[in-house]
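The structure appears right after this line, and notes come after that.
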Amino acid sequence: MLQRRFDEYLPRAEDQSIPLLPMTYDHRAIEAAWQQRWESDGLYRSVVDWDKPKHYALTMLPYPSGDLHIGHWYAMTPSDARARVMRMKGYNVLFPMGFDAFGLNAEVAAVQRGVHPAKWTWGNIERMRSQMKSMGAMFDWEREAISCDPAYYKWTEWLFKQMYEHDVAYRGEAMVNWSPTLQTVLANEQIIDGLDERTGQPVIQKMMEQWFFSITKYADELLEFEGIDWPDSIQAQQRNWIGRSEGARVDFTTEDGDTITVFTTRPDTLWGATFMVLAPEHPLVETLTADGQRTAVTDYCEAAARRTELERLEGEVDKTGVFTGGYAINPVNSQRVPVWVADYVLISYGTGAIMAVPAHDERDFEFARKFGLTVTPTIQPADADPLDGATMDEAYIGPGVVVNSGPIDGIAVTEAKGRANPSIAAAIDWLDQHGAGKESINYRVRDWLISRQRYWGSPIPMVHREDGTIEATADANLPVVLPEDVEFDGRSPLGRHEPFFAAVDSDGKPARRETDTLDTFMCSSWYWFRYLSPDFASGPFDPEEAAYWLPVDVYTGGAEHAVMHLLYARFFVKAMRDMGHFEETRAIMEAHGKDADGAFDEPFMLLRNQGQILGEERAGDRLVIDGESDGARLIASKLKVDGEAADFEGAVVGELMRRTENLLQVDTGETTVTVEVPPEAVVEIAHIPGGNDVNQLKQHLEVQRMSKSKGNVVNPDDLVDEYGADTVRAYLMFAFEWLKGGPWDNHNIIGCRRFIEDMWRIGTLDYSPKAPSDDADIGLRRRIHQSIQKVDSEMMAFKWNTAVAALMTLRNDMLDASRNEAVSVDVWNEGVETMIKLLAPISPHITEQLWRDRGNQSSIHLQAWPEADADAAREDTITMIVQVNGKVRDRIDVAADINATDAEAAAFASGKVSEWTRGNEIRKVIVREPKLVNIVI
RNA sequence: GCCCCGGUGGUGGAACGGCAGACACGGCGGAUUCAAAAUCCGCUGCUCGAAAGGGCGUGCGGGUUCAAGUCCCGCCCGGGGCACCA
């Protein structure tokens, strides 16, 4: 029988500092005591040791927003568990933590509360650091880096200066995104559908002089993912974002002699270019416009400027535009083509001007038909009547053969892009020979706009001299410190704070300091270098540390950073490499015999993105639905939430089980009905007054991100207090597919709490066998060693749910063994110790307590990771599947090493099989020893 | 429109092309209890059947294979990214 030995327990006299074992499993006492003890022992300090293999595990650093969120736990604790496994496997593991502390959010939040951003941020850091400690993670706090600390941003500034001196950073004028709400410019990556991704407010396009990083120089290298193991979706997103298109740049000449350069992916259709279109912001619009058209063009451009990007993208389905009155010459056939202005051409892509080929481009076709412009086909599809520009009713996009195009007539047009398409290759060659244009690659990605008209960020270490030139602040004067005695009124105070902006240049003349600050994404583009040596005073990182720890082996964090942080980080490493910042590190690596090739091309060798924890799913509403069935589902015409059966005649009444979009799964008590709620359905929701429709219903039922305003926040502190960090950690790993995430569910956590309590029972059981048997020993050892194999491989693959499941299965086996009392004490102990070790990365406190309580002096977290004994794990009998025509008809226990002949014989000996084969010719027998026999009749 | 990822019991989720539904929650039945909670034992995809056992089942339709949740083709649906991108 299981028996607890609560009353037998006494603290071990020889080591009073080990926390006392509580009488019962008391997670509060155990967790607090061990966290303190680990800290005082420096258990998680990581120090360079060239005699041991290193492992740099990194998880994205939090932004100090106030409180630690369950999402932080979800992201960080599996990362911690993985780092712990690597440590137990003998690696010297670095697992640091810090804070991404600058940024607009902190500034806005602090000012709203009437607190200084510095005070607000540092307060939050204190709070979150202590909350993080309650996770029991193995963070090495000695290496903490905080981006708003002058000791940190000195090097952010220094790196900016390096970029400037190496022509990677530059000041330039460009059309940029300006947020009137935030009173600052934003990077393209921070704009989604014309809205600022943080506040959801519209941004407008403005011509402004700003600081940029020329990330476009690295576009091609950033498209390469060779040698790194990153998720497909992140690679795809980055490739999409970079948006490489192969084609040509072609110069058209206006009648005034100006050049209009266009980019096209289809130079083979140049002979069909019957007009041109400029973006309203294009610099040549002004000069090209004929007097008679001036009013119309000016009005059009002004109207376009007033519209936000959002309206331009979403509002206009119909093409608009106006003729400038000007003409240009098509260089391939010297034809005179009219030049139009239209906002379907974007100033921010390509050259802001296009050649329009209405016959073979849908947008140009629509425009040409609307304004009565000439359509000239230059591609003839095979097996079709000749295309007629006057009568075509849509643009032809497919393959064929080139026509009406002089020198390239007759060449095949395929679906291939770039030079792989014979017609495009021929056109490019022709352009090249005639000096009319050249092969060109265009990227969608723009240079990274890094200046912000905000206060709470790293200062840009530049001064504007009286003569209008710009110079960098001398290294000796870094960091340029952000002043704290400022007043806030919605705009950045720096531009009005004379003690800050009054500077002197290198000649001693008065100068004005740059008052924009750096995008906070720059701070987080190099933070993993600072962790290596947060106090290092003569560079951003100590090459001695870097040589040992770099590169980062495993990086985990949210996929929302796909085209921001994760792209910038890659760019940064490449730029730092090209500026020579890793040369000393490389030399040290090589001196230690470590291969430095590729160590500085990419920041993170392996990347995994956890999913997101959403608010708890809303179900259980009582629904009354009237509608008609289309066979598969019920189409609702009227629907009432929390209504009564009598509300509609003949209605379906039931409980909401699940909602996806406008499809509801409704449990009527007898069956589950799928209900579709079309937009025109009449919807009544008791506590939402007024006219409701399917959108209110969605709102009402939405499973979504947790937020304070929605009141669906799961507070990790409360969970930890109630269940313990060990249980919460295990639950977060068990309840979700880690890479996917999902809605929070408060009910299932009890299963993990039971599991942890069972671990306690097993670990504290005073076991003695009643009837020891070798069979029992062999059986349990098999299960133990199979569990080691399973848990190890699942953890290495980030499959935390199945790793925990395997441990739960072992728990069940151990509980069975404790009841049967047939295994020897040695095997029982082997099971207990293996379980403690395998669980240690997931639930570090209870395992430490049990381990020490079993008389061990050293921490569980310093023990070697269990290695599976393949012989012990091997099954000697297995269940062989016998199929007839692929259907399972019998299961037979056979020796695991059975040969094909015996397996077949065993299968035919089965009575169940002969019932199915009787009277039939055996056509074929497939034997997959030792697992399966399939008899085909 | 293009790119990426998904769709499996009441729920979260398991399944090297080879026993679909591991593990857990919930549910049902039982034990214990004066009773409840906790705990323990059994059952739990749907369906026909008293049972033995059978049939059906991984979004839909085809295909490859002795064998398909898994591979291929074509759809539908959901999530994410890009998008008047020249």
Side-chain angles (χ1 to χ4, degrees), chain A residues 2 192-193 231-243 245 247 262-266 269 273 277 279 312-314 316-319 342-346 348-357 361-364 366-367 442-444 559-560 562-563 611-612 617 619 632 657-658 660-661 663 665 667 672 731 734-737 739-740 742-752 754-755 757 790 799 801-812 815 819 879-891 912 915 923-928 931-937:
Chain A
L2 269 179
I192 296 170
D193 292 339
D232 289 345
S233 66
I234 300 287
Q235 294 188 28
Q237 281 182 58
Q238 293 203 351
R239 287 200 182 98
N240 269 343
W241 186 260
I242 293 166
S245 304
V262 300
F263 171 76
T264 176
T265 54
R266 296 305 302 268
T269 62
V277 184
R312 269 176 76 167
L313 294 179
E314 285 189 355
E316 301 288 338
V317 184
D318 250 12
K319 295 272 180 296
D343 64 5
Y344 82 91
V345 174
L346 307 177
S348 57
Y349 184 80
T351 61
I354 62 159
M355 64 166 197
V357 184
D361 181 282
E362 288 168 24
R363 297 151 300 177
D364 298 343
E366 191 191 328
F367 194 81
N442 191 63
Y443 299 94
R444 192 188 156 282
E560 68 274 17
V563 294
Q612 195 171 32
E617 188 151 14
M657 304 304 292
R658 195 169 203 192
T660 35
E661 279 301 299
L663 293 183
Q665 299 292 322
D667 180 3
T672 304
Y731 180 57
F734 177 69
F736 306 88
E737 213 180 317
L739 303 175
K740 196 169 132 199
W744 176 259
D745 185 331
N746 238 328
H747 305 295
N748 292 349
I749 192 168
I750 189 66
C752 286
R754 286 177 192 150
F755 167 61
E757 285 174 0
K790 176 83 174 161
K799 294 171 83 175
N801 56 344
T802 46
V804 175
L807 283 166
M808 287 178 167
T809 309
L810 182 58
R811 173 265 314 259
N812 294 340
L815 289 177
R819 281 181 213 106
T879 302
M880 186 174 78
I881 306 308
V882 186
Q883 297 175 330
V884 178
N885 283 352
K887 282 187 189 284
V888 179
R889 296 302 181 190
D890 201 4
R891 298 175 172 86
K912 287 180 186 161
E915 278 173 36
R923 303 208 339 249
K924 199 170 179 180
V925 180
I926 286 99
V927 182
R928 284 287 170 275
K931 189 141 190 204
L932 173 138
V933 175
N934 186 12
I935 301 163
V936 184
I937 56 176

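Taking the side chain as every heavy atom from C-beta outward, A/I354 and A/Y344 approach each other to under 4.5 Å.
Residue A/I354 places its side chain closer to B/rA86 than to any other of B/rC25, B/rC4, B/rA86. The side chain of A/I750 has B/rG26 as its nearest neighbour among B/rG26, B/rC82, B/rG18. Here the nucleotide nearest the side chain of A/N934, chosen from B/rC19, B/rG18, B/rC4, is B/rG18. Comparing B/rC25, B/rC85, B/rC56 against the side chain of A/H747 picks out B/rC25 as the nearest. In this structure, of B/rC84, B/rG13, B/rG12, it is B/rG12 that holds the atom nearest to the side chain of A/F734. Taking only side-chain atoms of A/A236, from C-beta outward, the nucleotide of B/rC3, B/rG13, B/rC84 with the closest atom is B/rC3. Closest approach to the A/T264 side chain among B/rC25, B/rC23, B/rA86 is made by B/rA86 (side chain taken as heavy atoms from C-beta onward). The nucleotide whose nearest atom lies closest to any side-chain atom of A/A805 is, among B/rC5, B/rC23, B/rC85, B/rC23.
Side-chain N or O atoms of A/N934 include one that pairs as donor or acceptor with a backbone N or O of A/G886 at under 3.5 Å.
A 3.5 Å limit on both hydrogen-bonding distances identifies B/rC77 as the Watson-Crick or G-U partner of B/rG6. Pairing for B/rU32 is absent, with no Watson-Crick or G-U wobble pair whose two atom distances lie under 3.5 Å. Applying the Watson-Crick and G-U wobble criteria (two distances, each under 3.5 Å), B/rA68 pairs with nothing in any strand. The pairing partner recorded for B/rA38 is none, the criterion being a Watson-Crick or G-U wobble arrangement whose two distances lie under 3.5 angstrom. Base pairing analysis places B/rG26 opposite B/rU44; the two distances defining the Watson-Crick or G-U wobble pair are each below 3.5 Å. Taking a pair to require two hydrogen-bonding distances under 3.5 Å in either a Watson-Crick or a G-U wobble arrangement, B/rC82 pairs with B/rG1.
For A/K931 and B/rG18, the shortest distance from a side-chain N or O to OP1 or OP2 is not below 4.0 Å. Between A/T802 and B/rC23 there is no side-chain N or O to OP1 or OP2 distance below 4.0 Å. Phosphate contact (OP1/OP2 of B/rG17, side-chain N/O of A/R928, threshold under 4.0 Å): absent. Contact annotation: A/R754 reaches the phosphate of B/rC25 (side-chain N/O to OP1 or OP2, under 4.0 Å). The phosphate of B/rG13 has neither OP1 nor OP2 within less than 4.0 Å of any side-chain N or O from A/K799.
In this entry the distance linking CG of A/D745 with P of B/rA24 reads 16 Å, nearest Å. Atoms CD (A/Q883) and P (B/rG18) sit 11 Å apart, rounded to a whole Å. Here the P atom of nucleotide B/rC23 and the OH atom of A/Y731 are 18 Å apart, to the nearest Å. Whole-Å rounding puts the A/K790 NZ to B/rC23 C1' distance at 10 Å. In this entry the distance linking CH2 of A/W744 with C1' of B/rA24 reads 14 Å, nearest Å. The CG-C1' distance, from A/N240 to B/rC82, rounds to 5 Å in whole Å. Rounded to a whole Å, the CD1 atom of A/I881 is 17 Å from the P atom of B/rA67.
The 5' end of RNA chain B is approached more closely, in terms of each residue's nearest nucleotide, by A/Q237 than by the other of A/D361 and A/Q237. Sequence order on RNA chain B of the closest nucleotides to A/T265 and A/K887 puts A/K887 first from the 5' end.
Applying the ring-ring contact (aromatic ring centres under 6.0 Å, His included) criterion to A/F263, with sequence neighbours excluded, gives no partner residue. Evaluation of the side chain to side chain donor-acceptor pair (under 3.5 Å) rule for A/T802 yields A/E794 as partners, not counting sequence neighbours.
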